[in-house]
Structure formats: structure tokens, C-alpha cells
Amino acid sequence: MKIWSSEHVFGHPWDTVIKAAMRKYPNPMNPCVVGVDVLDRSLDNQGRLHSHRLLSTEWGLPSIVKAILGTSRTLTYIEEHSVVDPVEKKMELCSTNITLTNLVSVDERLVYTPHPENPEKTVLTQEAIITVKGISLSSYLESLMANTISSNARKGRDALEWVISKLNTELEELKSTREGMKPAMAAASTNK
């Protein structure tokens, strides 16, 4: 078993980061995520948003890893559960693979909270537990997978920044459209 963890501070308020996290896929930084299906989404009586999603991913496993694992399968599925608590300002996301579970399990937990000293920033703590089962060289494979998770976490943070930028651009375009419509609306109201 190998445990990987990380902490990152986004220079954006919690609300902004959470909106981006909910719209993270698809993105150009994580092309391995080829599909996202929402299986269930609901609000509980405390106003928390619960989501259950299925992510389809295409792993680009090196041929040596495929040989060690004894599989040529590269399309895998990940089950993801998240809870967004707007009152406590906390989002917790837990995911686990549901493909190749007889060979490997990856359990990941991400928690987004406002920065304790600066509400204009958001702290992401991330942890993954990797277990390769019944295979020689399992500790080597677990370390290799931890390095891949670390690389993918960086890509995931870059993806959130990309989504935030995209959201900001969309907002500016909407504002510009609204401003451009004001003269036409004013003219239409005087023609009545």
C-alpha cells in the first residue's frame, strides 16, 4: 500500500473553486477522462448537494505495466461521490476505481475549504491510497502509480484554473452582451 498526499492553495474564493470543480470535465489538461455520467444528484435536508458520478477514463499504461498486470484493458471506470456544504463551505469528494479491482485499488479523497486566513483563497487537501494486489513488483507499481497521481493532480489543478478562466470569460461576455442590448431595449421601449 502506498499513500500519497498533497495540499494546494488556489488564489480564488471557495465558491469560485467549487463551481469550477463541478464543471472540471472535459478539459484539455485531463484528456484521459473521456466521459462523465451523473448517476444521482440530490439535496439533503441541510442543504448539502450530494452527487454520485461515473467517470470513464482511458489509461495510457506503458506496455511493461500492462504485461505485469496481465491486461490490455485501458478503459477504466471510477465511481465518485461528492458532498458540497454551502453553509460550512466545504466540498468533499471521494473516488475509487471500479475496474481492475482484483489487481489494483485507488481510493482518493479531496477536500476543498476556504483558506483559514484569507477568504479570497481556497485550500485543497488531497490524498490517495494505492494498493496493488497479488502481483510481484507491487511496491514498484504502487510507487509508479503514486507518481502518476501526483502528475495528474497537477493537471487537475491546472484544469480548475482553466475552468475558472473560462467561467470568467463567459461572465464578461454575458455582461458585454447585456450592455450591447441596452440601447436596443431603450429604443424598443420608446417606440411603443
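Worth knowing before you read on, the calculation uses all heavy atoms, side chains too, and leaves out hydrogens, waters and symmetry mates.
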Inset, instruction - Compare every heavy atom of Pro31 with every heavy atom of Pro28, then report the nearest pair and how far apart it is. - result: O-CD, 3.6 Å
Legend entry - Any Val9 side-chain heavy atom under 4.5 Å of His115 side chain: yes
Legend entry - Trp14 backbone acceptor or donor facing Thr122 side chain under 3.5 Å: yes
Inset, instruction - Take Glu172 and Asn168 through the test side chain to side chain contact (heavy atoms under 4.5 Å, CB included) and record every step on the way to the result. - result: CA-CA 6 Å; Glu172 290 305 314; Asn168 288 339; 5.6 Å; no
Legend entry - Salt-bridge criterion met for Glu170 and Lys175 (N-O under 4.0 Å): no
Inset, instruction - Spell out, as yes or no, whether a donor-acceptor pair under 3.5 Å connects the side chain of Thr148 to the backbone of Leu144. - result: yes
Inset, instruction - Give me the other members of the hydrophobic cluster that Ile129 sits in, counting Ile, Leu, Val, Met, Phe, Trp and Tyr linked by side-chain heavy atoms under 4.5 Å, directly or via other members. - result: Met1, Ile3
Inset, instruction - Taking all non-hydrogen atoms of both residues into account, name the closest pair between Trp162 and Met29 and its distance. - result: CB-CE, 3.6 Å
Legend entry - Distance in Å, His52 NE2 paired with His81 NE2, rounded so as to fall on 0.5 Å steps: 3.5 Å
Legend entry - Backbone of Asn27 reached by a side-chain donor or acceptor of Asn30 within 3.5 Å: no
Inset, instruction - Check whether Leu93 and Val38 end up in the same hydrophobic cluster, where Ile, Leu, Val, Met, Phe, Trp and Tyr are linked by side-chain heavy atoms less than 4.5 Å apart. - result: no
Legend entry - Same apolar cluster: Val33 and Leu110, side chain cutoff 4.5 Å: no
Legend entry - Hydrophobic cluster identity match, Val163 and Val84, side-chain contacts under 4.5 Å: no
Legend entry - Residues Lys133, Ser105; criterion side chain to side chain contact (heavy atoms under 4.5 Å, CB included); working and verdict: CA-CA 8 Å; Lys133 307 166 190 170; Ser105 67; 4.0 Å; yes
Legend entry - Side-chain donor/acceptor of Ser150 to backbone N/O of Ala146, under 3.5 Å: no
Legend entry - Approximate separation, where rounding is to 0.5 Å, of Asp44 CG and Ser42 OG: 7.5 Å
Inset, instruction - Can you sort out the partners of Lys89 under salt bridge (charged side-chain N to carboxylate O under 4.0 Å, His left out), two or more places apart, ordered by chain and number? - result: Asp15
Legend entry - CG on Asn147 to CG on Asn152, rounded to 0.5 Å: 11.0 Å
Legend entry - Closest approach of Arg41 to Leu49 (non-hydrogen atoms, all atoms of both residues): CG-CD1, 3.5 Å
Inset, instruction - Would you check, one step at a time, whether the test side chain to side chain contact (heavy atoms under 4.5 Å, CB included) holds for Thr57 with Tyr77? - result: CA-CA 6 Å; Thr57 64; Tyr77 298 98; over 6 Å; no
Legend entry - Heavy-atom donor-acceptor pair, Asn97 side chain to Val104 backbone, under 3.5 Å: yes
Inset, instruction - Look up atom CG in Asp158 and atom CZ in Arg154, then write down how far apart they are to the nearest 0.5 Å. - result: 9.0 Å
Legend entry - Val34 and Leu55, any side-chain heavy atoms less than 4.5 Å apart: no
Legend entry - Path from Met22 to Leu160 over hydrophobic side-chain contacts below 4.5 Å: yes
Inset, instruction - Decide side chain to side chain contact (heavy atoms under 4.5 Å, CB included) for Ile164 and Val17; before the verdict, give the C-alpha distance in whole Å, the side-chain angles of both, and the deciding distance to 0.1 Å. - result: CA-CA 7 Å; Ile164 290 168; Val17 173; 4.3 Å; yes
Inset, instruction - For the residue pair Arg53 and Asp37, establish whether any side-chain heavy-atom pair is separated by less than 4.5 Å. - result: no
Legend entry - Validation row: Lys2, Ser143 side chains within 4.5 angstrom (heavy atoms): yes
Inset, instruction - State yes or no: do Trp4 and Leu124 share one hydrophobic cluster built from I, L, V, M, F, W and Y residues joined by side-chain heavy-atom distances below 4.5 Å, directly or via other members? - result: no
Legend entry - Heavy-atom donor-acceptor pair, Ser6 side chain to Gln126 backbone, under 3.5 Å: no
Legend entry - Contact summary for Val123 and Pro116, nearest pair of heavy atoms: CG2-CD, 4.2 Å
Inset, instruction - Going by the salt bridge (Lys or Arg N to Asp or Glu O under 4.0 Å) test, name the single residue among Glu92, Glu80, Glu127 that passes it with Arg109. - result: Glu92
Inset, instruction - Working to the nearest 0.5 Å, report the span between CZ of Arg48 and NZ of Lys90. - result: 10.0 Å
Inset, instruction - Could you list the residues that satisfy side chain to side chain donor-acceptor pair (under 3.5 Å) with Glu120, not counting sequence neighbours? - result: none
Legend entry - Min side-chain heavy-atom separation Glu161-His12 under 4.5 Å: yes
Legend entry - pair Thr96-Glu108: side-chain heavy atoms closer than 4.5 Å: no
Inset, instruction - Might you confirm whether atom NZ of Lys24 has over 12 heavy atoms from other residues, nucleotides or ligands at distances under 6.0 Å? - result: yes
Legend entry - Closest non-hydrogen atom pair, Thr131 against Glu142: CA-OE2, 3.5 Å
Inset, instruction - Measure the spacing between CG of Leu54 and CD of Glu79 and express it to the nearest 0.5 Å. - result: 7.5 Å
Legend entry - Heavy-atom side-chain proximity of Val87 to Gln46 below 4.5 angstrom: no
Inset, instruction - Give the minimum heavy-atom separation between Ser56 and Leu75, together with the two atoms involved. - result: CB-CD1, 4.4 Å
Inset, instruction - Answer whether the closest heavy-atom distance between the side chains of Val106 and Ile149 falls below 4.5 Å. - result: yes
